[in-house]
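Ligands are counted one by one from 1 in listed order, and the atoms in each one are counted from 1 as well.
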Amino acid sequence: MALKSRHILGLKEIEKEEIELIFDTAESFKEILSRPIKKVPTLRGKSIVNLFYEPSTRTRTSFEIAAKILSADTSSIAVSTSSVVKGESLKDTVKTLKALGCDLLVIRHFSSGAPYFVSKIINCPVINAGDGCHEHPTQGLLDLFTIKEKKGNLSGLKVVIVGDILHSRVARSDIWGLNKLGAKVRICGPRTMIPQGVERLGVEVYSDLSKAISKVDVIIMLRLQLERQKGGLFPTLKEYSSFFGLNKENLKLAKEDVLVMHPGPINRGVEIRPEVADGLRSVIEEQVTNGLAIRMSLLYLLLGGKEDKGA
Ligand code: CP
């Protein structure tokens, strides 16, 4: 089986069977990560470009490392030191990269829809590494993969996503993916950070954190995206933290074997207390490692890798 789409633009468009294929492939790639020499020739000769119009640590670095493990050539463009600062358009930037022999483009952009626009003008696969407040499909996939790895199956699990849902592209990708795999999804946050009509996506909405996390299997805490907020969505960080922060006490309301997740970067002490972020129920570091396996899987599947993944 192969992916139906040539691009990974959002989890809204991906079918359940495609998600399962991405997971099966990621599982076989995880074995390579435990080898002393983490290098296979699978994508030798392929050129992968990371074009990031917003800051990133996890996503950009894991795409770079994933490409290197698979022996692809990789270039990362920090927009602040590119010709974008001289006024070059997104369209001309992308056409230039294609003329330089790019075989696959990874793009993060502050505008929702930018990766869709790019996919129409560049004749190679495009991966959305986060577009505005729209989607972050590779984060969504690594979140789902981590839950599956820990719980065996997502069907019937109660998962709550807490925080700034309005500005969160991670929340949107997680909701699409969790619903496709049969989880029961709750969202919780201040009313000012809950998008109108979000129930239509198949989620239950809560504004009381204690009720939202009661007996859940998984808690996904979101970063408060202060850089995207125009202000006035909550009175103070202290008040936000007292109503919507995860701490040792309210964590007890969830199931005993609950998973605590966060896409990062974390505002420690705001949406999550450090002792919970670093505690026994936290799988935040495993999410990061799984991000590598998921991104290797996507590069392999989109670039038509050969059958032998780990020669
Ligand atoms: N989760 C995530 O997208 O992190 P970065 O912004 O560091 O890539």
Could you tell me if R108 sits above the aromatic ring of F52, with its cationic atom closer than 6.0 Å to the ring centre and no more than 45 degrees from the axis?
no
Of the protein's non-hydrogen atoms, which lies at the shortest distance from atom 4 (O) of ligand 1, and what is that distance?
R58 NE, 3.1 Å
Could you check, using the six-membered ring where one of them is a Trp, whether H134 and Y116 have ring centers closer than 6.0 angstrom?
yes
Any atom of ligand 1 sitting under 4.0 Å from a heavy atom of R108?
yes
Considering all heavy atoms, the nearest I194-L166 contact
N-CB, 4.5 Å
Is H136 in polar range of ligand 1, meaning some N or O pair under 3.5 Å apart?
yes
When you measure from atom 8 (O) of ligand 1 to each heavy atom in T138, V170, T59, which option holds the nearest one?
T59
Tell me whether G264 reaches ligand 1 (any heavy atom closer than 4.0 angstrom to a ligand atom).
yes
Using a strict 4.0 Å threshold on nitrogen-to-oxygen distance, state whether R273 and E275 make a salt bridge.
yes
With a cut-off of 6.0 Å (strictly less than), are more than 12 heavy atoms of other residues, nucleotides or ligands near CD1 of I37?
no
Distance under 4.0 Å to a non-hydrogen atom of T57: what atoms of ligand 1 satisfy this?
5 (P), 7 (O), 8 (O)
